[in-house]
Structure formats: structure tokens, C-alpha cells
Amino acid sequence: MPFSAAAIPLSNCLRNASNKGIYYLCSGYRLRGNGVRLRRVRVFHLKIRVYFWEKDEIKNLHIVYMRSLPKHNYSPISHHLSMLQQITNDNDATNHMVRSYYKSFNGFAAMITNQEREKLKKMEGVVSVFPSESLKPQTTRSWDFMGFKESIQRNKTAESDVIIGVIDTGIWPESESFNDRGFGPIPKKWKGACKGGENFRCNNKIIGARYYLKDQTSARDFVGHGTHTASIAAGNKVVGASFNGIAEGVARGGVPSARIAAYSVCSERDQCRADAILAAFDDAIADGVDLITISLGLQEQITFDNDIIAIGSFQAMKKGILTINSAGNDGPNNTTSSVSPWLFTVAATTMDSRNTDNVLLGNGLMPSGKSINGYASNSAEILSSTGFINNSAPIVAEFSSGGPNMQIREIMKPDISAPGLEILAAYSPLAPPSHDKREKRSVKYNILSGTSMSCPHVAGAAAYVKTSHPDWSPAAIKSSLMTTAKPMNGSELAEFSYGSGFLDPVRAINPGLVFDVSKKDYVKLLCRIGYNTMEVRKISGDKSVCPSSSFHHRLPMAKDFNYPAIAAEIEPRKPFKINFTRTVTNVGFANSAYKAYIQQHSGINITIVPNVLEFKSLKEKQSFVVHVDGGKFSDKSVVSSSLLWSDGTHSVRCPIILRVIKKENATCKIRFSLRSVFSCSYK
């Protein structure tokens, strides 16, 4: 199934279940950008809607995930075709093959029946076989609002060596945001290619392009979403950009000198297939990108071994590539599907500037409302939009999907927040700028809203950090951005709405301390929370092994995973006492001492042991324990506090967040969300 940005709300649908699977019968149709339609404001976030059909005679697209690529004397495509030939009894197995994965990991996608799927599962070297699902997309003052001014000190040479992989709906290469005037040669580390298709030309800015669907003829963006997200992350400086005169000013990306590689995985109908997304990850990793931004998402939380973005981003993490993912636009009542601990999950916030429409009534009165109207004011009753100052910003956007993380309750999600409301950026002139069926306009820049727009802001900031610290791990870059984020408030769910806080790229390049994590740490975490060896291998793609049950207790507990945030669940109206262990690495001054400061919350007591960390060298590691005790909180409440380490120059902030919930409620949600696509909330 494809991923799409237009969806039918489940409230219009009748849910049906049978031995053939689960499906929906829907009446009515409401276009939306995956969650919310703010009058004329388009809200985007690509989502996956999963359907199951169990007719053995029907061939469906499946992804076959295999063990690691052998190092010698192995022809993956021949092997994949041979396997298909064995299960289909067809001499020409190419009739069933859709694509092979052979660059960064081993596997293939093919049209097979359920019976053939079961045969494949039993074959040597096969780790898992699962259906290819469908996903949907999620979408200038934003950089200035974060304090990331155009005049900020940059290493342009290092920045021009950074390559951002954008997995999305494609890109419009002729946009002024992507011209290559003043750009030097393509970085020598680049191993990719320009396979953009018909009439598509790369340059020294867009250095690579690929597309994956049969109904596509090129990587050219006919939807607008991919062009918009790419220009937010790394678009050139463009003076005088506007949406039909609205929000006129300078449009620019976070790292204007960086290069872009575009991977188009979506059709013109906003349908984005899982097998194409996995192929894009495979190519991007092999091509040599430094970061991946992907504003696509599932409809709800599922297990990591069935989540194509979790699997692809794990492979990227193994190669030192951080993947940034949008949280989704189903807030505030539905949770984000981006909950893998190795993913960098981004919520959306407001900005200090908003747009308003003036409506001319028959009695001469002119009330105002929040929307965007790019039409001129001729005979229309809604006059052209104007701007106003929003002094409450930043607060989390109403549509932004939040936590908690029902896959690993000790891992806070989302991780961070960035601007996502009414963002001006480049657009495809062939894509309609609004959902209005009468729309005939063509625009080069458009104003969109969604976590799809906040996601590339963090990608740009992560690229900026990487220019100063090219040797840092994905976890270290993520930690630097989380621990230097500005504290936020204004939400009952606290950090479960906005993560560590509001993105601050300038402070992130000098965080002082980082919470680092390796691939082995992620594998131990998966084993600890109940994944067996075969399930872990579906994610890792290698020969990772979980210990036997008799040694399982020796694995670190999930609460002690070295995440730059502390999260746990407690029972209502009961006393509790929890200890959390963390380890930080010194990346500030060689000789330094950090003292612990606590933002206390009434009803809990927090102590840190030791409360001073002394370092004698760079890259030195020190561990500490956070003791939290208290009790008697009401059910479904959220308790928020924080720990701050400071040496007088650096401030390293770590949120402490407790979710109060009855055990039976938590068990229900975990059971359904871990082992089924449909969670308790549908009951």
C-alpha cells in the first residue's frame, strides 16, 4: 500500500473485522494534510495506513529481508531471482521481482501470494517477509526566530561537504533555491548518481536524484512536499520570496551551502510505498549521504521489526548516518508513530509571526481569523492575508502528534520541537498551492504547516552541528541538539508534546557534554524489552544475538538506556522510588567540573549522585545516578522536572518526565501496540 497525504478520517468510517483481515468502509471524503486542516493552511505529514488481506490466490507486494550481504563471491540479484523461481515455479522470476536491495543491506521486494510468502520464510538466509505498506507525507523567518541568523559564523567549506538525503515526493530542480551558482565541485566522498529520469538535470547543489515507482518518469516533484522540505533544510538564500506577496522576504535553508540528494518515493497522489522507502534508504546509505530527513510516517505505533522507517534508519545509524523524522499531525489526541530510539523525532511549534484574513461583511464590519488567502481582494469577501505578531510563541502546534512512547515507555518521544506552522519555502509550480478544486495558480514558493516542515529544520541544524563535529556519532549529534534546546511549556502533556524543548542550533555546536550510544547499546535495549534474536536481526540486518533467558537479567534495564532524557511510568496515588543511571562524555573543556542543578516539582524529590562531575580530558566519560521518589499523583497526570549540568559556560539540560497511569491501562496499550497494528484506542 502507498503512503499518502490525503486521508479519510476514521470518524467517517465503519471498521470491519473478519478472518480476511481488518478494513474500513468509508462515506464522505475530506482532504487533509494527515491530521488537520487549518482552513486554508495545508498540514502535511506522510502516514502509513496498513491493510491486511488474506486471499492466498492474490499476489501482493512483499519485502523479503535477509541476512547481511556476504563479503565474497555473492551475486545478490541472481540469488534473489533463484529464490523466487523456487517458490513460484516460474522459469522467468523477473515477472515477480520488483527490486533488489544489495547496496547497504540484503533483500528484495516481490509480488507473491501468501502461500509463497510462507515458503520464503523457511528458506535459508531469510530473516523476515512482510507486506509492503503505504505511507503519507507530513510539511521565513523560522531560522531567525530560533536565533539562527544568516550572519552566524559558519565553516562554509565544511558545510559544502555535507550531503543531506531527502526521502520524500521528489524535488523541483529548477527552483532558485537549488541553483548551483557559486558552488564548487561535488564532494569526493559522493558515490551516488543522478538518475532523475526525463528532463531532470542535477547540478552542484542537487548532486543526486533517484525515483522508485513504476508510474513515475522522473524524480521531479509534482506534489510540492519534497521541494518544500528540501529547501527548508538546505535551500539557497533567495531574496524576495513570497506566496503571492504574503510573507515576502528572504527564504533560506539551515545550511545553504550543503548538497542535496533527492529520493522520490511517492506518486503524484501522495502515495508512498514501503518497498520504495526501503530502497531509498539502501541507496542513500550507499551513496554517502551524511544525514537523512524523512517527513513520512505510519498511522500508529507498531513494533520496530515491522516498521520500515525504523529498519531503514537502523541501517543508516550503523553507518554513522542520523535520520530525522516528523512526529505526525494527528495531535493532540493521537500519539506519534516515530518512536524508535535511534530516530530523531520532531514535533511542530508556532512562530512569532502569523497570518490573518480580514472578512468584509455586508454590514461593513471586518472581523479577522487565522488563515492564509493568497488571492487578491477583488470581489471576494475574504480579503488578502496580512501578518501579525504572535507573542505566545513558541508553543506546540495543536496538530502535532505527541507521546507517550508505547513501544518503550522509558524513551521519551517526541525528542525535540521546531517551527512547523505557516512555513514559507520552495514549491513545485506544477503542484496546486491549496486543496481548493478550483485552484489554477502556479507558485514557486508556498506556505505550508505540519511536522513535515519542523523535521527539515532539525535536519538543517544537525547538518550545522556536523560541520563542526564531523566525527560525532548520530547519538552525539542528537544529544547535542536535545540538551541545548530551550525549555517550553503550555501543554498538559509537557515533554510528551514538545520533547526536550525548542531547537537552538547555535548552542548545539558546543554542548559541553553528550549522551552517546552505540549500535550494541541499541541491540541490548531491544533484547531487554522482549525482542528475541530473530526479531532483532529483522531490524539490525546482521548476526546480532540476544542472550539466553538465564542471562537476560544481566542486560541494562530500559530505564538506564543512555538517552538524553529520563522517562518512566508510575502508578496513581502510590509512593514510588526509581533510580536512573546515565553516562556523559566530555566534549567541552578538557579540565572542567559540572555541578548538578534540579528544577524541583512539588510531590517528588530528586537527588543526583555524584552531584559534581570532574573531567581531566576530552572524551572522558563519567556516570551518575538520578534518584527520584514521591507519590500520590492522580491518574493520567504528567509530572515534569529537569536536571541541569553546568560548568559555568555550558548548560546541559536533561528532562525528567513521569507519566501517571494505572497498570492495567498501560498493559492494554502495550499489548495491542506491540503485537497489533490496531491499539486499544480503537475499542
Side-chain angles (χ1 to χ4, degrees), residues 1-3 20-21 48-70 74-135 167 195 210-216 263-267 271-286 296 298 302 305-312 314-315 534-535 537-539 541 677:
M1 297 287 300
F3 292 87
K20 301 297 184 184
I48 308 171
R49 194 181 298 276
V50 184
Y51 297 86
F52 296 94
W53 301 98
E54 297 295 335
K55 294 186 177 180
D56 290 337
E57 68 275 11
I58 296 177
K59 287 185 180 291
N60 290 306
L61 184 59
H62 285 74
I63 296 171
V64 183
Y65 198 47
M66 301 177 65
R67 292 177 187 167
S68 300
L69 287 162
Y74 179 68
S75 174
I77 296 177
S78 297
H79 185 205
H80 301 160
L81 288 171
S82 174
M83 295 170 67
L84 278 175
Q85 188 173 347
Q86 292 178 54
I87 64 161
T88 61
N89 296 318
D90 188 339
N91 290 330
D92 188 2
T94 58
N95 293 330
H96 310 276
M97 177 75 80
V98 174
R99 61 172 49 89
S100 281
Y101 309 117
Y102 55 85
K103 297 177 181 177
S104 306
F105 42 86
N106 195 9
F108 60 93
M111 299 295 293
I112 56 175
T113 66
N114 287 347
Q115 290 180 346
E116 291 165 346
R117 177 188 65 196
E118 296 306 312
K119 292 178 183 178
L120 267 175
K121 285 182 177 179
K122 298 174 183 177
M123 297 184 76
E124 177 69 24
V126 173
V127 175
S128 63
V129 184
F130 50 92
S132 177
E133 302 158 350
S134 299
L135 299 157
I167 300 178
K195 296 184 177 180
R210 300 178 187 269
Y211 63 99
Y212 300 91
L213 303 181
K214 287 185 177 180
D215 61 351
Q216 290 179 295
Y263 302 87
S264 178
V265 297
C266 307
S267 69
Q271 301 297 302
C272 317
R273 284 206 326 235
D275 64 301
I277 292 168
L278 192 60
F281 270 108
D282 187 28
D283 283 331
I285 296 166
L296 318 178
L298 286 154
I302 62 174
D305 56 332
N306 290 310
D307 182 344
I308 209 70
I309 294 178
I311 292 171
F314 193 97
Q315 302 304 315
M534 292 307 297
E535 290 169 334
R537 289 180 177 179
K538 286 174 66 176
I539 302 165
V677 174

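What you see is a predicted model, and the numbers here were worked out from it, not measured in a lab.
Heavy-atom minimum distance, A276 versus V265: O-CG1, 3.6 Å.
Evaluation of the side-chain contact (heavy atoms from CB on, under 4.5 Å) rule for Y211 yields Q216, A219, S264 as partners, not counting sequence neighbours. Residues forming a side-chain hydrogen bond (donor to acceptor under 3.5 Å, both in side chains) with R537 (at least two apart in sequence, or on another chain): none.
F130 has its side chain out of reach of D305: every pair of non-hydrogen atoms, C-beta onward, lies at least 4.5 Å apart. Residues P131 and N60 are not in side-chain contact: their nearest non-hydrogen atoms beyond the backbone lie 4.5 Å or more apart. The closest side-chain heavy-atom distance from V64 to M123 is not below 4.5 Å. Residues T88 and N95 form no side-chain contact, since every pair of their non-hydrogen atoms from C-beta on lies 4.5 Å or further apart.
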- Which is it for E118 and K121 under the salt bridge (charged side-chain N to carboxylate O under 4.0 Å, His left out) test, yes or no, and what are the steps along the way? CA-CA 5 Å; E118 296 306 312; K121 285 182 177 179; 3.5 Å; yes

Next item on the list: Show your working on side chain to side chain contact (heavy atoms under 4.5 Å, CB included) between M83 and V126 and close with a plain yes or no.
Entry: CA-CA 10 Å; M83 295 170 67; V126 173; 3.4 Å; yes

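Atom NZ of K195 sits in a sparse spot, with 12 or fewer heavy atoms from other residues, nucleotides or ligands closer than 6.0 Å. Y102 OH: 12 or fewer foreign heavy atoms inside a 6.0 Å radius.
Separation of atoms CG (L84) and CG (N89) is listed at 11.5 Å; rounding is to 0.5 Å.
In this structure, the side chain of R99 engages the main chain of Y212 through a donor-acceptor pair within 3.5 Å. Checking side-chain atoms of Q315 against main-chain N and O of I539 turns up a donor-acceptor pair under 3.5 Å.
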